[in-house]
Every structure is written in structure tokens, then in C-alpha cells.
Amino acid sequence: MASILVFGETDDAGLTAPTLEMLGAASRLSGDLGGGVALALIGSGLADAAAVAGPAGADTVYTADADSVAAYQTDSYLPVAQGIVEQDSPAVVLMSQSSMGRDLAPRLATRLGTAAIMDSLGLEVEGDRVKATRSCYGGNARQVVTVQTDPQVVTVRPKSQDPLEADASRSADVIAVDVAEPTLRARTTGKEQAESEGIRLEDAEIVVSGGRGLGGPEAFADLESLAGVLTAAVGSSRAACDLGWYPPSQQVGLTGTVVSPTLYVAIAISGASQHMAGCGGSKNIVAINKDPDAPIFAFSRFGIVDDYKKVLPALESAFAEALD
Amino acid sequence: MDVIVCVKQIPDPETPAAAFKVDEAAMQVLPAQGISPVISPFDAQAVEAALRIKDASGDGSVNIISLGPDSARDAIKHSLAMGADEGYHLKDDAFDGGDAWTTALALSKAIQHLGVPDVLIFGRQAADWDQGTVGSIVAELLDLPSATVLRAVEMTGDSITVSRVVADGFENIELPTPCVLTISNEFGDPRYPQLRQIMQAARKQVTELTAADLGLDASEVGAAGARVQMHALFQPTSDVEVEIIEGDTPEEKAAGLVNALREAKIL
Ligand SMILES: Cc1cc2nc3c(=O)[nH]c(=O)nc-3n(C[C@H](O)[C@H](O)[C@H](O)COP(=O)(O)OP(=O)(O)OC[C@H]3O[C@@H](n4cnc5c(N)ncnc54)[C@H](O)[C@@H]3O)c2cc1C
Ligand SMILES: Nc1ncnc2c1ncn2[C@@H]1O[C@H](COP(=O)(O)O)[C@@H](O)[C@H]1O
């Protein structure tokens, strides 16, 4: 029995960054809860990912390895996840606030007779409860909450926690879990991959984002050109996505991607709380906006008050020169 | 097809940050001066999705349920004005201080009370607490298949095909009925009620239901039944001080910014 059971996710690189971050948080918190850290992996071909779990902070790894659970589906993952929780009986269950976590956590919690807290930013232990700080009211407020029933299910915002330094001398016990043939009611029949040229938003050290003030889709080509110079990813506000100017996969914000790059350049974005909910964790924000009273400036380290159309070409050359 | 949509009335999420205030001691958001509460935007889109299903199937009904104080009635009326058929207001002091669990419990009892329809639709998250769990909890309580965070919903014979927004694109999912769906903003704009429809909706009866009507004891709902406890509510503060880069020409400003970024060792 672990004090914290982390439901991890895998990608080509092994464990995803949010999984490593959750293992880091779990290691930090588990001491206070008096127990170890377990990682649960559901998927197919998990051996490589399971092998790095120990160095990343897990004492135990549960692997539910089967073709039938290769990709997340509510109906196939739910009984497997339930089985692992019942086998381990942890005090706390962590999941990422990912496409999987937002779907699975509330259903799993209900099935276990408990509740889930979603999208936590900060986690602390008090007594036997995990106190989670989370954003609400579109980023305008924070609340501190605990789950009073057991186990305490919490989803964790990517980039909100620090991973451990990988320690190759550590290893985890691997426990293989049987996967029964799932009964699918809702079934995934296909997938449309968003065309992902260039750097992924969530991985980028620099993000250049555009908003409604760009005035049309054409301007995003100029942002992409600037991003090319800066080796940056291009994001957008929801207003720009809703207008069809840029794909929804690039939306930054409360209901889009959460980014926390070293530098976030917000161009013709007003700085609504729901947008800041997705980029407020950036180390430095730079805003270009023609309105000196735009709320974005209150969150920015540097700002230029001007029409972006005039500034952008000059900025691209200045960056190109500086980075040459 | 028969559809039920659950909707919530909330403080307007477009309230400017400067007008947003919290009473930390009471752990409550204070109503902003002159800004009326609204139906949660994703819930208006959920109603839109339901109306399109009804239109496409040629018959059936769209019924609305909202749990909340008197103001919840306005979210129901808005939905009726959009074209929904009947409204049900779960109203009882016993519901006060509840959480996602107690809300979902009461909604699921109300749905059973009305009869489980072909499709149950929710917003992806209520834009006040931004949790996004009530739809999934109801699905679990009623043992129904679910698909969350959807940008498109289509009927194909007896089944429903949906497009789910995921981190790296979209997934197509096929569900049998009855099922639970939650709608995201990518679904598109909801219809805006016309004056005539607003007047018609104003005359329509909204059925009120109490905890007892749903077979729920006061100890199961509201603060007494809640599984999540709040310990604090506050507004985050930002400690950055912006430096506006001045210059006579855009070129000067651009060069000034690049310099500033270099000096701050950001570049
Ligand atoms: C529940 C909910 C969830 C939401 N989720 C998100 C989310 O995830 N992400 C998100 O981004 N939004 C989200 N929103 C929307 C959010 O509230 C804002 O409406 C949106 O972020 C505004 O986008 P914008 O800044 O591009 O547009 P606007 O607010 O219209 O701002 C445009 C800005 O461009 C400036 N501008 C105009 N022309 C120029 C020019 N020529 N040069 C320079 N500057 C110029 C203007 O001064 C203005 O500041 C959400 C809203 C709700 C209610
Ligand atoms: N009090 C309520 N009354 C009716 N429906 C609700 C209520 N609270 C939440 N919902 C529904 O559940 C969805 C998700 O809410 P939440 O889990 O609170 O973010 C909302 O978009 C609504 O469709």
C-alpha cells in the first residue's frame, strides 16, 4: 500500500513530463502521509516507461499492459483503474489535468465512493488530508480545498510541480495487473491529429501568441515568421481561435493549453483572466498592445504600446540581429 | 430524441478583473455592481447542442434542469427562450453549501424522476468553479456511457457520433443512447433568443422540485452531504511591475525591447 498512487501517462520518450512532475510531488508529500509512492500505468508496451519509474521517484509500478488499453477510452480504463486503486488502497490518487485525467478522475472517484479535486496548482499535506490550491472563476480567484472522503483524488496541472532529479540507483517493484477484455459502450472510432509543425506549445521555451487585435488570420503568418527567428511556438487567444484564425489546438488559456515558458510574447491580446490562466505561469511576459490600459500590461515585465503592424517587422529584424 | 440539459446560473465570467471581488471571510464571490449573472457559457452551448439534436431528429423534447437559488430560474428561462420545452428548478435551502457531488446526486435523482432521456447534456465545466466534474459524476451514478469536452455532436440512426477535443487533436467517438455528453466552446455560438421568444419563455411555468420531492434527505445534500471542503478563497496578486519601452519610432521601441530582454538575461 502506497500513500500516493499516481496514474501516469506515457509517450515516445517514456513517462510524460506531467507524470514525472506528479512523481516529484508525490515523493515530497508521501513522507508527511507516511507511506510510499506507487505509479500506475495503463497502456500497451509499457516496459521502457516502467523502467524509468523508480529513478523518477516511484517505489512500486503497476502495469496494465494490453492492446485493448493502448489508447485512453473511458469504458476500458475505468475498471482497470478501479482495480489498481482497490489493490493498492492508497490515501491519495493523483492524475494529470490531461485529456485522460479530466475524463477519468471524476468517474473513477465516484465509482470509489469519493470525490475529485480538479486542476490543482499547489499541494500541501495537513494531517491526513492533501490541501489543494486551485484556480477558479476563470483565473480571478484561488481556492484551497480538501477531499473529505477516501481516497482523495486530485488532478494536477502540468508544470505546477517539480520533478525529481532522476536517480539511476533507485528502482521500483513492478506489479503486472491483468486486463480483462473491456466492454465498450462508447468507442473511439478514429482520431484527427492536429497538424503539429514546429515546437509543441507546452514544451516551448518561448511562446509568441496572437489575439483578436491581429484583425485576421493572415497576421498569424507574421507571428510564425517571428517564432521562427526565436525558435518559439505560436499560440493564440480563444477569441482568435473562435474566429477560425488559428487552430483550437494552439489556444492558450483556461480551456486551452497551459504554458509556462521563459518568455511569453502576447501580441494584440487584452489579457482576460481566462487567457492569463493559461500563461500566467510564464517567467516573463512581454505585451504588444495599442491600448495602454490593456489588462495584459499588469502581468507583463515589458510592454510596447503601439500598433502591432508597425512593431512586428521591426521586432523581427531586431531579434534576428540580436540572435545572429 | 429526448434530451435533458443541466444548466447553471453564475456570475458573468466576462466580469472585468477590476470589478471582481471576493469576501475572504465568507469565502464567497461578491456580486459585481451592475453586472448581472448569466447562464454559464458552456451550458448555453449545451442547450444549443440539444436543440440541434431535437431539430435533426424531427421530434422529441429538450428539457432543462438547474439546481440553485432563485437566480437559477433565469438560466432556465434563458434556455426556454432559446427553444427548450420544459424547465425544472431544484430549489431547496437544503442544497446550500453543496459541492459537485451533492449537485450531481440531486441532478441524477431529478433525471430519474423525469425519466432518463436518450441524451443528457452538460457544459464541459461551470465557469464559476471551473471544476468540470458534474457531467461525469451523473454519468457514473446513472451507469451511462459518456464523452466529455466535445466540439461536435451528430446523430447517426440510433447512436450518437461525437468529436472530442484532446490535447493533440480530436477523437471521434460513437455512443449508444442513453448517454451523457459534455460540450466545449469549440462547439460554436449558441443561438441568441429573440424578444418574442423571451416573452414566451417568461410566461412558461417552471416546475420547482425540493430535496424531498427527489427522495433525498437533507443530510445527503448541501453542506451536510459535501465531500469537498473549502478552506480559503482569495484573489491572486501579481507582483510584476511593467516597464513600458518608449521610443519615437516602432524601430526604436523594438530595439529597446530586445535590449531590455538581453539586459535582463531573458534572451
Ligand atoms: C468560460 C470561459 C473560458 C475562456 N477560456 C479562454 C481561454 O482558454 N483562452 C483565452 O484566450 N480566452 C478564453 N476565454 C475568453 C476570454 O474571456 C477573452 O474573451 C479572450 O481571451 C479575449 O481574446 P483577445 O485578448 O484576443 O481579444 P480582445 O479581448 O478583443 O483583445 C484584443 C486586444 O488587441 C488589442 N489590439 C487591437 N488592435 C491592435 C493593434 N492593431 N495592435 C496592437 N494591439 C491591438 C486591443 O487593444 C485589445 O487589448 C474564455 C472565456 C470564458 C467565459
Ligand atoms: N447547479 C447546477 N445545476 C444544473 N447543472 C449544473 C449545476 N452545476 C453544474 N451543472 C452542470 O454540470 C456542468 C459541469 O459543472 P462543474 O462540474 O461544476 O464544472 C455544468 O456545465 C452544467 O451543465
Side-chain angles (χ1 to χ4, degrees), chain A residues 74-75 98-99 102-103 106-107 110-111 114-118 131 135-138 140-149 185-194 196 238 242 248-249 254-255 262-263 273 284 286 295 297-306 310-311 314-315 318-319 322, chain B residues 13 17 20 22 29 99-101 124 127-133 136-137 139-141 145-149 165-176 179 184-186 227-236 238 240 242-245 250-251 253-255 257-258 260-262 266-267:
Chain A
T74 316
D75 289 339
S98 59
S99 301
R102 19 172 137 247
D103 191 78
R107 277 204 86 140
T110 307
R111 191 164 284 196
T114 181
I117 289 171
M118 305 300 285
K131 274 193 160 176
S135 168
C136 52
Y137 284 87
N140 278 318
R142 301 275 183 278
Q143 61 171 174
V144 180
V145 279
T146 50
V147 182
Q148 296 300 111
T149 42
R185 294 183 291 180
R187 61 177 72 236
T188 306
T189 55
K191 177 147 189 191
E192 289 169 52
Q193 205 80 25
S196 59
R238 177 170 135 188
D242 283 353
S249 58
L254 178 68
T255 55
T262 309
L263 177 60
S273 62
N284 300 283
V286 166
F297 288 121
F299 303 95
S300 301
R301 175 116 184 242
F302 300 111
I304 291 182
V305 180
D306 210 333
K310 297 188 195 140
V311 179
L315 198 58
F319 274 127
Chain B
F20 183 89
V22 160
V29 171
D99 64 355
W101 158 254
R124 63 171 284 170
D128 48 2
W129 298 108
D130 295 326
Q131 274 264 111
T133 61
S136 294
I137 302 172
E140 188 59 31
L141 286 172
S146 60
T148 55
V149 193
V165 184
V166 291
D168 56 348
F170 308 99
E171 280 171 3
N172 299 321
I173 301 173
E174 204 177 295
L175 303 99
C179 62
S184 187
N185 52 284
E186 289 85 353
R227 293 176 171 181
V228 170
Q229 192 183 340
M230 180 155 54
H231 305 276
L233 182 71
F234 59 94
Q235 289 177 262
S238 154
V240 287
V242 67
E243 179 185 329
I244 298 291
I245 309 288
E251 286 73 20
K253 291 180 186 174
L257 175 61
V258 172
L261 288 171
R262 281 177 120 175
I266 297 165
L267 212 57

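So you know, we letter chains A, B, ... as the sequences are listed, proteins then strands, and number each from 1.
- A:Ala322 and B:Arg262 make their closest contact through O-NH2, 3.4 Å (heavy atoms, listed as atom of the first residue, atom of the second, distance).
- The aromatic rings of B:Phe20 and A:Tyr137 are tilted relative to each other, their planes meeting at an angle between 30° and 60°.
- The backbone N or O of A:Met118 lies less than 3.5 Å from a partner atom in the side chain of B:Gln131, making a donor-acceptor pair.
- To the nearest 0.5 Å, the span separating CG on B:Leu175 from CZ on A:Arg187 amounts to 10.5 Å.
- In this structure, the salt bridge (Lys or Arg N to Asp or Glu O under 4.0 Å) partners of A:Arg238, at least two apart in sequence or on a different chain, are A:Asp242.
- For A:Phe302, there are no ring-ring contact (aromatic ring centres under 6.0 Å, His included) partners, not counting sequence neighbours.
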Run the side chain to side chain donor-acceptor pair (under 3.5 Å) test on A:Asn140 and B:Gln235 for me, step by step, so that the C-alpha distance in whole Å, both residues' side-chain angles and the decisive distance to 0.1 Å come before the verdict.
CA-CA 6 Å; A:Asn140 278 318; B:Gln235 289 177 262; 6.0 Å; no
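- With a threshold of 4.5 angstrom between heavy atoms, B:Phe170 approaches chain A through its backbone and through its side chain.
- At a cut-off of 3.5 Å, with distance as the only test, a side-chain donor of B:Ser146 or A:Arg107 sits close to an acceptor on the other residue.
- The two residues A:Ala141 and B:Leu233 make their nearest non-hydrogen contact at CB-CD1, 4.2 Å.
- For B:Leu257, the part lying under 4.5 angstrom from a heavy atom of chain A is the side chain only.
- Side chain of A:Ser99 to main chain of B:Ala167: a donor-acceptor pair is present (N/O by atom type, distance under 3.5 Å, no hydrogens or angles).
- With a 4.5 Å cut-off on non-hydrogen atoms, B:Val240 touches chain A through its backbone and its side chain both.
- Between the side chain of B:Asp168 and the main chain of A:Gln193, no donor-acceptor pair closer than 3.5 Å is present.
- Put simply, the side chain of B:Lys253 gets close to the backbone of A:Val305: a donor and an acceptor are under 3.5 Å apart.
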